[in-house]
Amino acid sequence: MAGLSLKHIYKVYPNGTKAVNDFNMEIADKEFIVFVGPSGCGKSTTLRMIAGLEDISAGELMIGENVVNDMEPKDRDIAMVFQNYALYPHMTVFENIAFGLRLRKMPKDEINRRVTEAAEILGITEYLGKKPKEMSGGQRQRVSLGRAIVREPKVMLLDEPLSNLDAKLRTQMRSEIAKLHAKLQTTFIYVTHDQIEAMTMGTRIVVMKNGFVQQIDSPKNLYNYPGNKFVAGFIGTPQMNFFEGTLLKKGDEVEINFEYSEAKITVPYSMMYKAKPSYLDGKSRVYIGLRAESISINPEVVKASKSKIKVRVSHKEELGNQTLVYGDINMQGDGYTESSTRIIINMDAVCDFKAGDIIDAALDITKVHLFDKETEVSILPRIPEYNYLDCEVTNGKIIFLGTELKLPPAIQCESGKYELLIPTDAITMHGSAAAVTVSECEEINGKYVVAFGLGDRRMYAVADEAVKCGKAKIGIDLKKISLLKDGETVVSAMPEIIKLEGKLVKEKVAETVEVNGKEKKKKVIKFFYDIEGFKLPCPDTAATKLITAMGVKRAFTEKLYYECTPYDLSFAEDGIPAGVLNVLDYGKEKFAVCEAGGKTAYVLCEGAVADGAKLVPDVEKLSVIEAAHNIRII
Ligand code: ADP
């Protein structure tokens, strides 16, 4: 039994295909994780890297307490079940299941015990003496599951194990695998392209597309809070309806206008607090997502609803347990062609209509999903990034929602009205900036999203710990805020990451070593990060990682990006020559703004910095990225 940790995992195949990009995930012991996505999205590659059947190009993979990047598959304590059962045709079922154990020279009694037990769990005891060809597909897959179980692995990996089975058997085996997981109490990782399989089996699902993780969440959360249009469309049948449209703020309300149609609904502005205000200008284009069951043509519901749109119905689909009504919100649309006006409605009551009828449909506005038209990312993120507020700056003070704060010297701007962006992670729940009332604290993927009231607004903070509801005092880290005027940034937040560039170099260095009590001079190879012309000693472990990931030749010729925070840079006698441009005084903290090798670096400092300053990054805190493929290696 073990958990897994995947940190910045990449896979680049020798032909240059980047199959997996920056895969990060912590998998707890006993979880049932499903990797799902369309063919070619990188799910099998990720699974095969976990199994050790494929080299990891960059990143760190841990199973339990061990880094296993370079560990042989047989030593990883995992078992894998494949789509094509891979059974030996000439062996009996018993021998097939026992094969791996015999290779390990396990005592006979123990093999008997394990095989009998596994066969019992899988209900194939009576077939133990038979050959695979005498069995059905489902039974054969049970044998290959048995072969995995007897290994008593820490982690079970299953690569599309049911895709060779017919629909009925698949459904049956689905619940059997779920039962098996409950019984074995082992971590399962299961790969499938079938979203229904994923939704019914996984405790958490990883949705992938083109080698990138799109979202990691529970089935329920993926369905209710898809982070982007791809996830929204991939999860759920029938597929979510997507319309194109614009949003226009009018006082306390926001009008949602559907393109290519007369349809229009109004929602309270409070539903849009998490959205960037620029989305509400009536021009920015968005996708409006609504699931079939969030739309009703039940006359009672329609009568009571304030959010109605006209639909020209075309046909219906009887699916037994539900009836889907197809139509178009464009009165010229045909309801058959998949378009940005076609609509599918889950008919929740007996309704009387015929093709061509124009009827009213009620929308459940609390279930509206909105995505950016270009990036397709949700504009109402579940974990909000910013609070978007109006503010006024006057005499070095900033005023918003009845709160007045003195601006530090680093923030200079003319008096006037501005848009204020306060990142949710810039707010601490213990401070002295303002008194608030916490109304909700929700744990989402290990973070706590805190909703609180300030003045007449709801605001959000993202905290590392749970916060009690009720009165609280917040603090605001002013170096993280931004001020905008007419969409233009007037005061920017201080960058959290400093980017520098250079290469990995090696040199022969003379070292004094002790041999038999005598000092001797010896030449040894040492590695250095060349960063903007300065040679920073690079730990051998880091150099090895770079050489392993990039190959010996490329490791010393390719450009590298170095990243760290302003807290990981300091001034020293020798380092990257830096011209100090100015010092930003945020009160408790001061940061020198430096020009280093054509890049701007921010460095925590005490106050004034003398000319000719030199910068040294903390080598332990440095992230190193291969520039050509944008792969984070360290
Ligand atoms: P999935 O399991 O999601 O269908 P894969 O992990 O098998 O996807 O493949 C991801 C990508 O990597 C695809 O573009 C595929 O063509 C490519 N790929 C897979 N195996 C190899 C290989 N051995 N060499 C080169 N490219 C590969």
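In each ligand, atom 1 is the first atom listed, and ligand 1 is the first ligand listed. Just so you know, residue 1 is the first one in the sequence shown, and it goes up from there.
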Within a distance under 4.0 Å of any heavy atom of Asn15, pick out the atoms of ligand 1 and give their elements.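 Here the atoms of ligand 1 in question are 25 (C), 26 (N).
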
Taking the ring of Phe35 and the ring of Phe23, is the distance between their centroids below 6.0 Å?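 Between Phe23 and Phe35, the centre distance is under 6.0 Å.
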
Please confirm whether Gly37 comes under 4.0 Å of ligand 1, counting heavy atoms of the residue only.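 False for this residue.
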
Under-4.0 Å heavy-atom contact between protein and atom 10 (C) of ligand 1: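 When distances to the protein are checked, atom 10 (C) of ligand 1 has a heavy atom within 4.0 Å.
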
Indicate whether any N or O donor in one side chain lies under 3.5 Å from an N or O acceptor in the other, for Thr323 and Glu318.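 Present: a donor and an acceptor within the cut-off.
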
Checking contacts here: is it the side chain or the backbone of Thr45 that comes within 4.0 Å of ligand 1, counting heavy atoms only? Could be both or neither.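 Both backbone and side chain.
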
Any ion pair linking Glu110 and Arg113 (charged N to carboxylate O, less than 4.0 Å)?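 Judged by the 4.0 Å cut-off on N to carboxylate O distance, Arg113 and Glu110 do form a salt bridge.
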
Report the relative orientation of the aromatic rings in Phe242 and Tyr287; use parallel for angles under 30°, tilted for 30 to 60°, perpendicular for over 60°.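 It falls in the perpendicular class, over 60°.
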
Among all protein heavy atoms, pick the one closest to atom 18 (N) of ligand 1 and tell me residue, atom and distance.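 I find the closest protein heavy atom is Tyr13 CE1, 3.3 Å.
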
What's the shortest distance from atom 7 (O) of ligand 1 to any protein heavy atom, and which residue and atom give it?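 For this ligand atom, the closest protein heavy atom is Ser44 CB, 3.8 Å.
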
Should the pair Glu176-Arg142 be classified as a salt bridge under the 4.0 Å nitrogen-to-oxygen rule?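 Yes, Glu176 and Arg142 are salt-bridged.
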
Short N-O contact, Asp464 and Lys447, less than 4.0 angstrom: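 Yes, this pair counts.
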
Measure from the ring center of Tyr336 to the ring center of Tyr326 and say whether it is less than 6.0 Å.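 No, they do not, as the ring centres are separated by 6.0 Å or more.
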
Does the protein put a heavy atom under 4.0 Å from atom 16 (O) of ligand 1?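 Not a single protein heavy atom is under 4.0 Å away.
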
Go through ligand 1 atom by atom and flag the ones less than 4.0 Å from a non-hydrogen atom of Cys41.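 Going through ligand 1 atom by atom, the ones under 4.0 Å from Cys41 are 1 (P), 3 (O), 8 (O).
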
Closest candidate by heavy atom, reference atom 3 (O) of ligand 1, pool Lys209, Lys43, Met49: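 The nearest heavy atom belongs to Lys43.
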
Are Glu374 and Arg285 close enough for a salt bridge, meaning some N to O gap below 4.0 Å?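 So Glu374 does not pair with Arg285 through a salt bridge.
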
Taking atom 4 (O) of ligand 1 as the reference point, the nearest protein heavy atom with its distance: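 Heavy-atom neighbour on the protein nearest atom 4 (O) of ligand 1: Gly40 N, 2.6 Å.
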
Ligand-side contact atoms (ligand 1) for residue partner Ala19, heavy atom cut-off under 4.0 Å: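 Answer, ordered by atom number: 10 (C), 11 (C), 12 (O).
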
